[in-house]
There are 4 protein chains.
Amino acid sequence: MPGSEKSVAPKFRRRADDRPDEVLDAALELFADQGFANTKVEQIAKRAGLSKGTVYLYFPSKQAIIEALVRRAVTPVAERALAHAGAFAGDPRNGISAALRQLAHGLADVRILAIPKLVVREAALVPELAQMYRHEVLDRVLPAIEMLIQRGIDAGYFRQVDANLTLRSLIGPILVHLMLADVFDISPPEGLSFDRLIENHLTILFDGLSAPEQVGAP
Amino acid sequence: MPGSEKSVAPKFRRRADDRPDEVLDAALELFADQGFANTKVEQIAKRAGLSKGTVYLYFPSKQAIIEALVRRAVTPVAERALAHAGAFAGDPRNGISAALRQLAHGLADVRILAIPKLVVREAALVPELAQMYRHEVLDRVLPAIEMLIQRGIDAGYFRQVDANLTLRSLIGPILVHLMLADVFDISPPEGLSFDRLIENHLTILFDGLSAPEQVGAP
Amino acid sequence: MPGSEKSVAPKFRRRADDRPDEVLDAALELFADQGFANTKVEQIAKRAGLSKGTVYLYFPSKQAIIEALVRRAVTPVAERALAHAGAFAGDPRNGISAALRQLAHGLADVRILAIPKLVVREAALVPELAQMYRHEVLDRVLPAIEMLIQRGIDAGYFRQVDANLTLRSLIGPILVHLMLADVFDISPPEGLSFDRLIENHLTILFDGLSAPEQVGAP
Amino acid sequence: MPGSEKSVAPKFRRRADDRPDEVLDAALELFADQGFANTKVEQIAKRAGLSKGTVYLYFPSKQAIIEALVRRAVTPVAERALAHAGAFAGDPRNGISAALRQLAHGLADVRILAIPKLVVREAALVPELAQMYRHEVLDRVLPAIEMLIQRGIDAGYFRQVDANLTLRSLIGPILVHLMLADVFDISPPEGLSFDRLIENHLTILFDGLSAPEQVGAP
DNA sequence: TATGAATGAGGATTCATTCAT
DNA sequence: GATGAATGAATCCTCATTCAT
């Protein structure tokens, strides 16, 4: 009987374990939409289907929510990214291509994108967020990619460029693409296709913009 | 008329006409530092050297300040950028290089950088900011650069790439460079040099990352 | 019946009948330490070794706890005190000395002292406390002592003083002694000895402060 | 004109200087009546004739109000009391009598009595209050009186008693008198007369309770 | 009986905005 | 114009009390 009731109408829930995640889910959407300062705790509660007071049963303060939010999202990222980075032994172009595509796909998911957006926006106000994101994500992912580039240089696949700076050439377009679309509602005429962006970018990245047989200046 | 007023009582008080600008200057620094929501009108007043009430003599509300802030900064940008874009008739690489360098130099100025930072951060809260910035800056500058690229393609200088997407490859690194440094305090080992970033990026952009005599894939 | 219940599942849980008292014990310590308003029901529950909800099985409200607390402590006091007061038939100095010593010894016990402290502190907020304490303790004890004094006067042992006012001279020092130590952490150089206080006080009380062979006033 | 307006209807007051004191006056009454925890800031504001926000213009927090309250009351007390204590050179009984009478008169003023009552009640919650009161009042007044007693002993006016403990015999009755009346509404049949209390107490204090020609115990 | 998750009224504090001077 | 005192709506957080289990 209790089992059937549960499956029918778990209205009166008593699930202390799911609650924190439900709160974080609700908070993420709201923070992403309205920013931290403009989101009221009661809004979070309502969206999570609870009352104001219940939120405080699981988080000691509003700021603790945003920190938990980033912490939750940030931890699993590292492994995923690192796994791929080291996987490619031969031509590093394959690894870099794969990494970029994975990055782009990840950020195409609103739930995932919301986190770095939040971190960037609130970093000035809650420096812990930036610290955490840097420590857990950037400090793991960026060096891995940089190493990929450096390996390509050392093995003679790439020109003698600065790997650290080149990293920025690598990932920059993805960010701009996102920001133009997200903040300014500017998308390419053909729509916000990450695939096409990546392919175009990889073309330029590996082979350059200049035509193969250079047309001299007039 | 204002002149006569000045000569009557020039005392130590600044001309009333400069007041709005001084308020905007003060607000810009504070908003950039702490975000809009966390900046109090009294802080702005204090930094501008006047009292809270006086701020309301010039601006009807706090939000009006941030809007005026962006409007003031945004208007002159258009001409400057457009001037350069059309100037180069021959090899578009020169024009692109010049544009990138100018962009980078502009953004190296904290006062200038503060504006887009502010717009990005507060866009969700005050959509007018994003609209304004898009209308006044992006919708003028981006198409101009895109056209430069397109012209290069059409004239046979560049490969057959998508100009709109390539635009993102062009400016992306600058954005990432800034964001890594500003939000996450991550700079290249040699320091945050925009010049080196640009040179490295142009190298890749025009000639590609791959070594001139390609090492074949395994 | 309760016995059979006990024998069925005596486990490790304390008898339900003692619960209310355990709650009161816990509450007394906490109220004495932190005051009524600053003590949370959950603290009481935790210290009593049960859960918040269970407290409400025994007491309908937080205020009911403090009232029960005082009521419990207050009832037995009357008999004890009255017993001694009437016991001394001859020189009332013996009775008074005994009463004072007993009073002092009683109040030296933190558990006993806590009650009047609590009553005094919370009297303004919960007038029932003061009423109860007055009715159950003061209205029984004070007249008994006053009668002792009056009897001493009538029998020619004491001067013709006002018994009611003299009562205050009798017990005042004990109160001050306690308050200085408890609230302001002020104790005599030799330590907070009630015995020495009482002996000194009795000396003055019975024989006066002035030296036996008076030094005449100028 | 402004002058006459002021005297007629100073409704729209702009007197930043009086405000803090008005707030403290209002707070004192309320704290004395209801205790600190039960007094709402808005009540204080209303009684002081201002709005909630205005209170925070002058005090950073509710606790700052109670501290300022005690500080304001406490500072002037010291001088007054000390002045009298040292004044009497000959028979110290005069000095002690005067001191007691002054103490009693002071505490008969509700405004003055309210402060130590408040301190005693809230000491556990805001230890700064007790500290402040001790430092500014007790540590100055009590030693002065104790010295008076000691001087009487040394000069042969008094018996060889413990001056520090005798101090408690001296002031205790006044406190009990107050507390019985204030907390428990117990006054002598003839009314709450401090004068009669003091006279009765001084009689006992100086000459003892025992009849001049002692009636031997049976 | 016992639990502790859930509730929501209540209260301290902040701050954009107003307005008498 | 300029000031800064005053306001009160808004918001975070607390905690006594309830109630499904």
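The chains referred to below are lettered A, B, ... by the order of the sequence lines, with proteins before strands, and numbering in each begins at 1.
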K.L.:
Would you call B:R111 and B:D25 a salt bridge, taking side-chain N to carboxylate O under 4.0 Å as the test?
P.N.:
yes

K.L.:
Sequence neighbours excluded, which residues qualify as side-chain contact (heavy atoms from CB on, under 4.5 Å) partners of C:A124?
P.N.:
D:R121

K.L.:
Please state how far atom CZ in A:R19 lies from atom P in E:dG4, giving the value in whole angstrom units.
P.N.:
16 Å

K.L.:
Heavy atoms under 4.0 Å, any strand shown: does B:K40 hit a base, just sugar-phosphate, or nothing?
P.N.:
sugar-phosphate

K.L.:
How many Å lie between NZ on D:K46 and C1' on F:dT7, as a whole number?
P.N.:
13 Å

K.L.:
If you pin D:P60 and B:G53 to their nearest nucleotides in DNA chain E, which one's is more 5'?
P.N.:
D:P60

K.L.:
Rounded to the Å, how far apart are A:L57 CG and E:dG4 P?
P.N.:
12 Å

K.L.:
Could you spell out the base pairing of DNA chain F in dot-bracket, with Watson-Crick or G-U pairs whose two distances are under 3.5 Å, [ ] crossing and | to another strand?
P.N.:
.||||||||||||||||||||

K.L.:
Round to the nearest Å and state the distance from D:F59 atom CZ to E:dA12 atom P.
P.N.:
15 Å

K.L.:
Is the phosphate of F:dA2 approached by B:Y58 (side-chain N or O, under 4.0 Å from OP1 or OP2)?
P.N.:
yes

K.L.:
Are any non-hydrogen side-chain atoms of C:L30 and C:D33 less than 4.5 angstrom apart?
P.N.:
no

K.L.:
When you match D:T54 and C:E42 each to their closest nucleotide on DNA chain E, which lands nearer the 5' end?
P.N.:
C:E42

K.L.:
Looking across every strand, which nucleic acid part, if any, lies under 4.0 Å from C:K62 by heavy atom: base, sugar-phosphate, or nothing?
P.N.:
sugar-phosphate

K.L.:
Measuring from atom OG of C:S51 to atom CG of C:L57, what distance do you get when rounded to the nearest 0.5 angstrom?
P.N.:
8.0 Å

K.L.:
If we only count heavy atoms from C-beta on, is the B:Y133 to B:V120 side-chain gap below 4.5 Å?
P.N.:
no

K.L.:
C:L50 CG to E:dG4 P: how many Å, rounded?
P.N.:
10 Å

K.L.:
Would you mind reading off the distance between A:I44 atom CD1 and E:dA6 atom C1', rounded to a whole angstrom?
P.N.:
17 Å

K.L.:
Does the base of F:dT7 carry an N or O that pairs as donor and acceptor with the side chain of D:K52 under 3.5 Å?
P.N.:
no

K.L.:
Could you tell me how far apart A:N38 (CG) and F:dC12 (P) are, to the nearest whole angstrom?
P.N.:
10 Å

K.L.:
If you find the nucleotide of DNA chain F closest to C:S61 and the one closest to A:Y56, which residue's nucleotide is nearer the 5' end?
P.N.:
A:Y56

K.L.:
Partners of A:K117 by salt bridge (charged side-chain N to carboxylate O under 4.0 Å, His left out), sequence neighbours excluded?
P.N.:
A:D182

K.L.:
Could you tell me whether D:D21 and D:R72 make a salt bridge, using a distance below 4.0 angstrom between a side-chain N and a carboxylate O?
P.N.:
yes

K.L.:
Mapping A:T39 and B:V55 onto DNA chain F by nearest heavy atom, which one lands closer to the 5' end?
P.N.:
B:V55

K.L.:
Taking CD from C:Q43 and P from F:dT17, how many angstroms apart are they, rounded to a whole number?
P.N.:
15 Å

